[in-house]
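Read the structure below first, then the notes.
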Amino acid sequence: QLHFVESGGGLVQPGGSLRLSCAASGFNLNTYAIGWFRQAPGKEREGVSCIYSNTYYVDHVKGRFTISRDNAKNTEYLQMNSLRPEDTGLYYCATAPGFRCGSGWSSRFEIYDYWGQGTQVTIAS
């Protein structure tokens, strides 16, 4: 019953910006922790950001990415600035109803019950 639809990906040059959207259905996302993750071909999935009452970021995106939500639209956003080629990947949003961005949010993927299909982000000249 719970679904995410990601959008906003595309091709941008290094130093550019993108805003990703994660539209939720079947639940009100303001009662859940929501995480953003990414995966590039041949690489393992990695956490990017998480939001509940506070926001959290992995070190290599801190200061460049901003996670936020619009409760009226039931949508999460990931604003990505100063993009680098290593930011390339398929970006997913996911939720863990019983987890509130605590320790291990960026790596304990087994706790997330619902995942979107992903949106592709490519950073290249």
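Counting only distance, with no hydrogens or angles, the side chain of S106 and the backbone of G47 share no donor-acceptor pair below 3.5 Å. Not a single donor-acceptor pair under 3.5 Å links the side chain of T75 to the backbone N or O of D70. At least one donor-acceptor pair under 3.5 Å links the side chain of R64 to the backbone N or O of H60. Put simply, the side chain of D87 gets close to the backbone of R84: a donor and an acceptor are under 3.5 Å apart. Counting only distance, with no hydrogens or angles, the side chain of S49 and the backbone of Y56 share a donor-acceptor pair below 3.5 Å. Within the 3.5 Å criterion, the main-chain N or O of C93 finds no donor-acceptor partner in the side chain of Y112.
The side-chain heavy atoms of V48 and L78, taken from C-beta on, include a pair separated by under 4.5 Å. Q117 has its side chain out of reach of F4: every pair of non-hydrogen atoms, C-beta onward, lies at least 4.5 Å apart. Side-chain contact check for R38 versus Y92: every heavy-atom pair is 4.5 Å or farther apart. For the pair E76 and I67, the minimum side-chain heavy-atom distance is below 4.5 Å. Side chains of W115 and H3 form no contact here, defined as non-hydrogen atoms less than 4.5 Å apart.
With rounding to the nearest 0.5 Å, the separation of CD1 in I123 from OG1 in T88 is 5.0 Å.
Around CD of E86, the count of heavy atoms belonging to other residues, nucleotides or ligands within 6.0 Å exceeds 12. Surrounding CD of E44 are at most 12 heavy atoms belonging to other residues, nucleotides or ligands under 6.0 Å away.
At a threshold of 4.5 Å between side-chain heavy atoms, the hydrophobic network of Ile, Leu, Val, Met, Phe, Trp and Tyr places Y52 and I111 in two separate groups. Residues Y57 and Y77 are members of separate hydrophobic clusters, defined by side-chain heavy-atom contacts under 4.5 angstrom among Ile, Leu, Val, Met, Phe, Trp and Tyr.
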- Please report the C-alpha distance between F109 and F37 in whole Å, then the side-chain angles of each, then the deciding distance to 0.1 Å, and finally whether the ring-ring contact (aromatic ring centres under 6.0 Å, His included) criterion is met. CA-CA 10 Å; F109 307 119; F37 304 84; 5.7 Å; yes
Problem - Verdict with supporting geometry, Y91 and Q39, side-chain contact (heavy atoms from CB on, under 4.5 Å) - result: CA-CA 7 Å; Y91 282 68; Q39 187 169 21; over 6 Å; no
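Ion pairing of D59 with K62 is present here, as a side-chain N (NZ or NE/NH1/NH2) and a carboxylate O approach within less than 4.0 Å.
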Identify each donor-acceptor pair in which a side-chain atom of residues 10-35 lies under 3.5 Å from a protein atom, sequence neighbours left out, and give them as a table.
| residue | atom | partner | partner atom | Å |
| --- | --- | --- | --- | --- |
| S17 | OG | N81 | OD1 | 2.9 |
| T31 | OG1 | N28 | O | 3.0 |

